[in-house]
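Reminder, nothing fancy here: chain letters follow the sequence lines and each chain counts from 1. Side-chain atoms are counted along with the backbone in the values below, which use heavy atoms only and exclude waters and symmetry mates. Note that the structure is predicted; figures quoted are calculated from it, not measured.
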Amino acid sequence: MLPAHHRLVDSDAFRVTVRSGHRSGAQTLVVHLDRSEPDAPVRAGFVVSKAVGNAVVRNRVKRRLRHLTREHLPSLQGLSGSAVLVVRALPASATASYAELGADLDRCLSRVMS
RNA sequence: UGGGCUGGCCGGGCGACCGCGUUCCCCUCACGGGGGGACCGAGGAAGGUCCGGGCUCCACAGGGCAGGGUGAUGGUUAACAGCCAUCCGGGGCAACCCGCGGGACAGUGCCACAGAAAACAGACCGCCUCUCCCCACGGGGAGCGGCAAGGGUGAAACGGUGGUGCAAGAGACCACCAGUGCGCCGGGCGACCGGCGCAGCUAGGUAAACCCCACCCGGAGCAAGAUCGAGCAGUGUGUGACCGAGGGCGGCCCGCCCGAGCGCACGGGUAGAUCGCUCGAGGGGGCCGGCAACGGCUCCCCUAGAUGGAUGGUCGCCCCGCCUCACGGCGGACAGAACCCGGCCUACAGGCCAGCCCAUUCG
RNA sequence: GGGGGUGUGGCGCAGCUGGUAGCGCGUCUCGUUCGCAUCGAGAAGGCCAGGGGUUCGAGUCCCCUCACCUCCA
């Protein structure tokens, strides 16, 4: 689990980020990043829908994404404004390996942060 | 050796590094927190939510009707629609498997098509005695009656087969068989089974149709419930205050109790924290009772408690399967706790153990 | 954690108290037209989600399972 102040919890924040943030997609996932808010800690949330698979598959995808995202927290903290990140998993993420997920996340984040 | 039936069990192991959650300990601190260490950390189905119970609340006198559930017998249990044993019916050569398996003389309904007739007896074709008429002497027709053997329909036609009998026939009578009711004897706790005798000769099916009978069932659910904290704003309208609204009460009624507010529309506010939360009808070993389900005694063990929700990633050795001469490569099911427990059902790579049956070969 | 519902030709739907499964659109063939659309005539297409049971007989009644939709807290 991420530390409490890095977690994105309420559904309104999810909605705002997905609607108005910068977006970049890949085979296995879509990244939304919103930096409109003033200074605050980086917050990240994950969306893994039922289309991805059953509970075991969804949990595994969520855990992998969470650990991958942890690596990027310092660089996100360096940006101006409060970074709110939402990572949405696509059905292809169910069969992707940990390395493939990491590559997709890296590519999307770098595109969204520039 | 081949085929099959039943029951039980496991469901990868060891280790290294980087991370996560609860609890505990230590250090630090600007009291918001930060850092380090130790233990423990998903399942046989955690799943579906089909049943049952614990627990919590509803300030729970009670009674009747309605409603729902169960449905062979005996046992087991906290309880069950589960389980065990047995009985009956059906299937299989057998081991064994399957069955919502009470009542159709309490009443009502339904049984399409076909068929004369579908539930209470009757008679379409038909068979027969007698009377009359016609006659081409083979027979034909009409009528009063008797009969239900034969015909065909159907899932099902009022016992079956053979005989006696008769004008023709018929349980009208006889023998055997099937089946019903009653009585007696024997076995079993019982469902029921076996035997003997008598009666009457014969009774359709359907209650997973309404229903009747016996037994059982108060409602809601851990978002239950308890505590702390934050925040807001009312307005309109209807109805009522001993001629009593509304509530306990969940479908209705009687009855008892509380009782001054309550319903509708629009508008406004909150959705934080702690407890409940894991030691329990708990798990394992041994002994005893019981055919068994299960129960008793004793010893040992403590084994997840998250709250956007903790188990992930990388690698080595071993194990199993597939490919390959080999080196080596690929793969290892179904599936993730959310108050707890007992069952049922469903999903599942592969493997292990035990007992039994049939066929065949040899002795 | 509770409740309700749906599953029937390729698609959207009927099928009430059990008795030979229908309708519209679509598909195919023929006709009409110079040709197409329209129109007219005809035809094919269904083990009623799956399994088991009750009954002489089940889409319908009963039980179990699967998938999906939906409501309340």
Open item on the list: In this structure, would A/Val48 and A/Leu68 fall into the same cluster of hydrophobic residues linked by side-chain contacts under 4.5 Å?
Closed with: yes
TODO: Using the P atom on both, measure B/C83 against B/C9 and round to a whole Å.
DONE: 16 Å
Open item on the list: In this structure, how many angstroms lie between the C1' atom of B/C20 and the CZ atom of A/Phe46, rounded?
Closed with: 13 Å
TODO: Let me know the distance between CZ of A/Arg58 and C1' of B/A335, rounded to the nearest Å.
DONE: 12 Å
Task: P-based separation of B/G154 from B/U49 [nearest Å] - done: 50 Å
Open item on the list: Show me the pairs that pass salt bridge (Lys or Arg N to Asp or Glu O under 4.0 Å) and involve residues 86-106 of chain A, at least two apart or across chains.
Closed with: A/Asp104-A/Arg107
TODO: Classify the glycosidic conformation of B/U303 as syn or anti, calling it syn when the angle lies within 90° of 0.
DONE: syn
TODO: Measure from CG on A/Leu65 to P on B/G313 and round the result to the nearest Å.
DONE: 12 Å
TODO: Give the nucleotide from the list B/G313, B/A42, B/U311 with an atom nearest to the side chain of A/Arg66.
DONE: B/U311
Task: Pairwise P distance, B/G19 and B/G35 [rounded to whole Å] - done: 12 Å
Open item on the list: Distance check needed: B/G336 C1' versus A/Lys62 NZ, whole Å only.
Closed with: 11 Å
- [ ] Tell me which nucleotide among B/G336, B/U314, B/G309 gets nearest to the side chain of A/Tyr98.
- [x] B/U314
TODO: Taking atom P in both B/A245 and B/C254, compute the distance separating them and give it to the nearest angstrom.
DONE: 13 Å
Which atoms of nucleotides 43-49 of chain B (N or O only) lie under 3.5 Å from a protein N or O atom, and what are those distances?
none

- [ ] To the nearest Å, give me how far apart CZ (A/Arg60) and P (B/A335) are.
- [x] 12 Å
Task: Nucleotide nearest A/His67 when distance is taken to its side chain, options B/C20, B/A42, B/U314 - done: B/C20
- [ ] For B/G53, decide between syn and anti, treating a glycosidic angle within 90° of 0 as syn.
- [x] anti
- [ ] Establish, with yes or no, whether the OP1 or OP2 oxygen of B/C20 is under 4.0 angstrom from a side-chain nitrogen or oxygen of A/Arg63.
- [x] no
Open item on the list: Nearest whole Å is fine: how far is B/C20 C1' from A/Leu68 CG?
Closed with: 14 Å
